[in-house]
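Residue numbers start at 1 and run along the sequence shown. Just so we're clear, the structure is a prediction, and the values are computed from it rather than from any experiment.
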Amino acid sequence: SAKGEIRIGGKLYTFFEHGYNDNWMLNGIPAQTASYKGIIGQLEPCELSISDYGEISCAREAAYYGADALQKRTVNWTSGPGIGVAYNETADVWIVHGQHENREDPGEAWAVALKGDTGKVLGFSPLLPAEA
């Protein structure tokens with residue numbers, strides 16, 4: 001799994017890529033193995049005018065573009081400095097999410113799904129503290 005740092009809007013974030021065996025869930029569906037239709041069903045459509053980012057070939061690019069899209073949606077997309085990244089090979093979708101500080105964190109955390117071959121923002125989803 002990849003990990004590292006990226007800078008968005010002058011703020012430094014650390015990112016990590018979920019391993020295939022992490023079984024990370026996006027609001028009840030397995031992020032890395034769900035169908036494209038299953039992923040889309042968990043998302044609020046993107047109503048922002050965000051240009052496609054272009055092909056996303058690695059977790060670092062997904063983290064950067066995902067954080068950029070999340071930042072455009074709301075400044076409160078993560079409570080902590082960490083960004084999670086999961087790739088779904090079957091659907092060719094990158095899911096990028098913020099994090100809660102802990103399970104009791106009352107703040108927000110959001111996820112965004114990006115199409116791998118185009119970098120198109122497919123939609124956003126709030127995350128429950130237990131999932132982040």
Side-chain angles (χ1 to χ4, degrees):
S1 315
K3 58 184 174 179
E5 296 179 334
I6 60 168
R7 189 172 294 276
I8 299 286
K11 188 168 181 183
L12 187 65
Y13 295 94
T14 59
F15 75 90
F16 66 94
E17 183 176 13
H18 289 279
Y20 189 77
N21 295 324
D22 283 357
N23 298 320
W24 184 71
M25 304 291 273
L26 174 65
N27 298 332
I29 65 158
Q32 284 119 314
T33 58
S35 68
Y36 181 82
K37 194 173 184 178
I39 292 169
I40 295 296
Q42 299 303 313
L43 304 173
E44 297 175 0
C46 179
E47 296 177 354
L48 302 171
S49 178
I50 300 175
S51 299
D52 294 354
Y53 291 106
E55 184 176 3
I56 301 170
S57 60
C58 65
R60 178 179 293 280
E61 289 176 358
Y64 182 83
Y65 298 137
D68 182 64
L70 287 161
Q71 185 75 26
K72 288 174 179 170
R73 193 208 168 278
T74 177
V75 294
N76 299 320
W77 62 272
T78 187
S79 294
I83 301 170
V85 178
Y87 180 64
N88 182 313
E89 187 174 349
T90 304
D92 188 28
V93 171
W94 290 92
I95 300 171
V96 180
H97 66 88
Q99 294 184 296
H100 292 274
E101 289 288 343
N102 56 54
R103 290 181 187 269
E104 288 77 39
D105 183 354
E108 294 182 66
W110 284 82
V112 63
L114 305 162
K115 191 74 174 105
D117 59 352
T118 63
K120 177 181 176 58
V121 176
L122 301 174
F124 299 94
S125 176
L127 298 179
L128 302 173
E131 292 184 304

Looking at [X] and [Y], would you say the former's side chain and the latter's main chain have a donor-acceptor pair under 3.5 Å?
X	Y	result
Arg60	Glu5	yes
Asn27	Pro126	yes
Asp52	Gly119	no

Given the rule in the side-chain contact (heavy atoms from CB on, under 4.5 Å) test, do Ile40 and Leu122 qualify, once you have shown the distances and angles that lead to the verdict? CA-CA 7 Å; Ile40 295 296; Leu122 301 174; 3.9 Å; yes

Which heavy atom of Asn88 sits nearest a heavy atom of Ala31, and at what distance?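 Scanning both residues, the minimum pair turns out to be ND2-O, 3.0 Å.
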
Atom of Ala111, atom of Leu26 and distance for their closest heavy-atom approach: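 What the structure gives for the nearest pair is CB-CD1, 4.0 Å.
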
Looking at Trp110, Tyr13, Phe124, which hits ring-ring contact (aromatic ring centres under 6.0 Å, His included) with Trp77? Tyr13

Under a single-linkage definition using a 4.5 Å side-chain heavy-atom cutoff for Ile, Leu, Val, Met, Phe, Trp and Tyr, are [X] and [Y] assigned to the same hydrophobic cluster?
X	Y	value
Tyr87	Phe16	no
Val85	Ile95	no
Val93	Leu43	yes
Val96	Leu48	yes

Are any non-hydrogen side-chain atoms of [X] and [Y] less than 4.5 angstrom apart?
X	Y	value
Ile39	Ile29	yes
Val121	Leu114	yes
Val112	Tyr65	no
Met25	Pro30	yes

So for atom OH, which belongs to Tyr64, do other residues, nucleotides or ligands contribute more than 12 heavy atoms lying within a distance under 6.0 Å? no

Roughly how far, to the nearest 0.5 Å, is [atom2] of [Y] from [atom1] of [X]?
X	Y	atom1	atom2	result
Asp117	Ile56	CG	CD1	9.5 Å
Trp94	Ser57	CH2	OG	7.5 Å
Glu17	Ile83	CD	CD1	13.0 Å

Establish, from distance only, whether the side-chain atoms of Gln32 and Trp24 form a donor-acceptor pair under 3.5 Å. no

Salt bridge (Lys or Arg N to Asp or Glu O under 4.0 Å): pairs with one or both residues in residues 82-99, sequence neighbours excluded: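 Qualifying pairs: Asp92-Lys115.
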
Lys/Arg-Asp/Glu bridge criterion (N-O < 4.0 Å) met for Arg73, Glu108: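 Looking at Arg73 and Glu108, the cut-off is not met.
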
